[in-house]
Amino acid sequence: MTTRRKFLSASITASAAAMMGLSSKANQKTIDNYKSTTVIKPLIISTWHHGIAANEAAWQVLIQNGSALDAVEAGVRVTESDPTITSVGYGGSPDSDGHVTLDACIMDHLGNAGSVAFLENIMHPVSVARKVMELTPHVMLVGDGALMFALENGFEKENLLTPEAERKWREWLNKREDVPQKINEQYHDTIGMLAIDTNGNLSGACSTSGVSYKYRGRVGDSPIIGAGLFVDNEVGAASATGLGEAIIKIAGSHLIVELMRQGDSPKAACKIAVERILKKQKITKQLDAAFIAVNKAGETGAFALRKGFQYALYQNNENRLIDCDFLIE
Ligand code: ASP
């Protein structure tokens with residue numbers, strides 16, 4: 001006999017499916033996950049080992065019932081101002097001409113997005129991206145325009161080239177390597193961060209100095225909504241790290257969110273995105289890419305093209321660095 005409780009549960013499941021924009025055929029897996037999360041628990045997932053420190057700051061926001069948006073901004077700012085991280089913000093590797101140029105973006109649970117690319121001399125591009133989102137009718141500002149906007153909004157000009165980054169750049173210059181540069185772990189490590197807050201809302205952000213010694217003017221995936229980051233509060237969110245060109249060509253983060261909408265788990269969706277790169281693009285030794293994702297039910301996952309990618313997950317009061325599964329040894 002169908003009990004009243006079962007009936008109610010079925011109705012709730014159906015309306016949850018409708019709210020999440022899922023097709024009836026594909027939704028069961030995601031709905032099951034959704035049902036299993038009776039109480040919404042905050043969580044943060046971010047890329048690479050530097051995600052651990054970034055997660056700590058983001059967690060402080062979430063446990064005080066702060067928004068996922070505030071959390072991801074606070075988290076990413078930690079990485080941006082750490083001079084020991086040579087792939088993001090202050091201390092980031094410069095372009096081939098010695099200028100540090102930064103890309104960042106942010107997206108909230110309402111689908112609002114802001115982004116900056118090729119921005120120089122500003123310590124916290126993620127915060128400028130947020131201002132673009134909140135104060136302008138635009139999504140993206142680049143180069144001098146992004147800098148002008150940042151200065152107009154109270155950001156200060158700073159020299160982001162640390163003596164150590166300059167020393168390494170000069171060493172590279174002496175070796176006279178060609179551009180575009182090889183991509184490997186040493187040369188890239190964007191911070192991408194996704195969070196769910198206590199209201200169950202999702203937001204994400206990412207920030208990078210891009211591929212080391214890149215050609216002046218080159219912009220990667222990280223400030224491109226749909227490539228380096230995508231958030232759909234009804235379904236989930238995804239973010240990327242690795243060779244930006246490869247990620248842009250498959251609209252990686254958007255692809256993953258759409259796969260989750262069809263019922264794939266976050267990990268399965270990330271794996272399909274990596275396989276898509278493998279199938280569609282010429283795989284050189286230099287090509288690497290990895291994705292992180294979270295769905296509305298609070299299920300997380302990641303997948304990398306190559307061995308070595310790690311991501312940081314803060315959940316249930318525990319902040320862990322996790323070795324990611326991969327396709328190629
Ligand atoms: N995705 C970044 C870019 O291509 C690099 C990285 O993730 O490390 O600019």
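Every number for a ligand or one of its atoms is a count from 1 in the order of the listing. We're numbering straight along the sequence, starting at 1.
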Taken to the nearest 0.5 Å, the spacing of Glu134 CD from Ser127 OG works out to 10.0 Å
Find all atoms of ligand 1 within a distance of less than 4.0 Å from any non-hydrogen atom belonging to [X], and give their numbers and elements.
{"X": "Asp189", "answer": "6 (C), 8 (O)"}
{"X": "Asp221", "answer": "1 (N), 2 (C), 3 (C), 4 (O)"}
{"X": "Thr241", "answer": "6 (C), 7 (O), 8 (O)"}
{"X": "Gly244", "answer": "3 (C), 4 (O)"}
{"X": "Gly242", "answer": "1 (N), 2 (C), 3 (C), 4 (O), 5 (C), 6 (C), 7 (O)"}

Can you tell me which residue among Phe303, Phe291, Trp48 is in a side chain to side chain contact (heavy atoms under 4.5 Å, CB included) with Phe309?
Trp48
If every non-hydrogen atom of Trp169 is compared with every non-hydrogen atom of Asp95, which pair is closest and at what distance?
NE1-O, 3.5 Å
If we ignore angles and hydrogens, is there a donor and acceptor under 3.5 Å between the side chains of Lys214 and Thr101?
yes
Is it the case that the side chains of His49 and Gln310 hold a donor-acceptor pair, with the cut-off being a distance below 3.5 Å and no angle test?
no
Nearest heavy atom to atom 7 (O) of ligand 1: which of Thr47, Thr190, Val219 does it belong to?
Thr190
Would Leu151 and Ile122 satisfy side-chain contact (heavy atoms from CB on, under 4.5 Å), going step by step from the backbone distance to the final call?
CA-CA 9 Å; Leu151 298 176; Ile122 299 291; 4.2 Å; yes
So, 4.0 Å and heavy atoms of Glu245: is ligand 1 close enough to count as a contact?
no
Region of Ser222 engaging ligand 1 - heavy atom pairs below 4.0 Å:
side chain
